[in-house]
Amino acid sequence: MGLKEILIKALMDTLMGMGTVFSILILISFIIYLFKVFFYNKKSRPEPVPAAPAAETAAEEDDGELTAVITAAIAAFETKAAPVTGMPLSQADQQYVVRSVKRRR
């Protein structure tokens, strides 16, 4: 058996293996799709409740309070020793500046 026959056999084995795997994956995908078709029940899903409009003043107060808390935490961190090394922080290590705080929803 020469090199050419060995390479052709290896290529055929590779194609058979990959073909089998992809065939099974397509079959599993089709079965999952059938679950959605047969077992999906629209009546069992709750209807979405419309959200009440949020109060603008409460959000503004919370942002100010949150900014104050973060700034106080950074100030307390800068005045204390570094927790890992136990050495005081130099001016070069203090690079924290709170520019703005935005709430993500």
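Remember, predicted model here, so these are calculated numbers, not experimental data.
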Straight-line distance of S23 OG to M16 CE, nearest 0.5 Å: 9.5 Å
S29 (side chain) donor-acceptor with L25 (main chain) under 3.5 angstrom: no
Spatial distance of atom CZ (F38) from atom OH (Y33) [nearest 0.5 Å]: 9.5 Å
Other ILVMFWY residues reachable from M1 by side-chain steps of under 4.5 Å: I6
Residues forming a side-chain contact (heavy atoms from CB on, under 4.5 Å) with L3, sequence neighbours excluded: L7
Single-linkage hydrophobic cluster L27~F35, side-chain heavy atoms < 4.5 angstrom: yes
Cluster companions of L11 among Ile, Leu, Val, Met, Phe, Trp, Tyr (side-chain spacing under 4.5 Å): L15
Same cluster (ILVMFWY, side-chain, under 4.5 Å), L34 and F39: yes
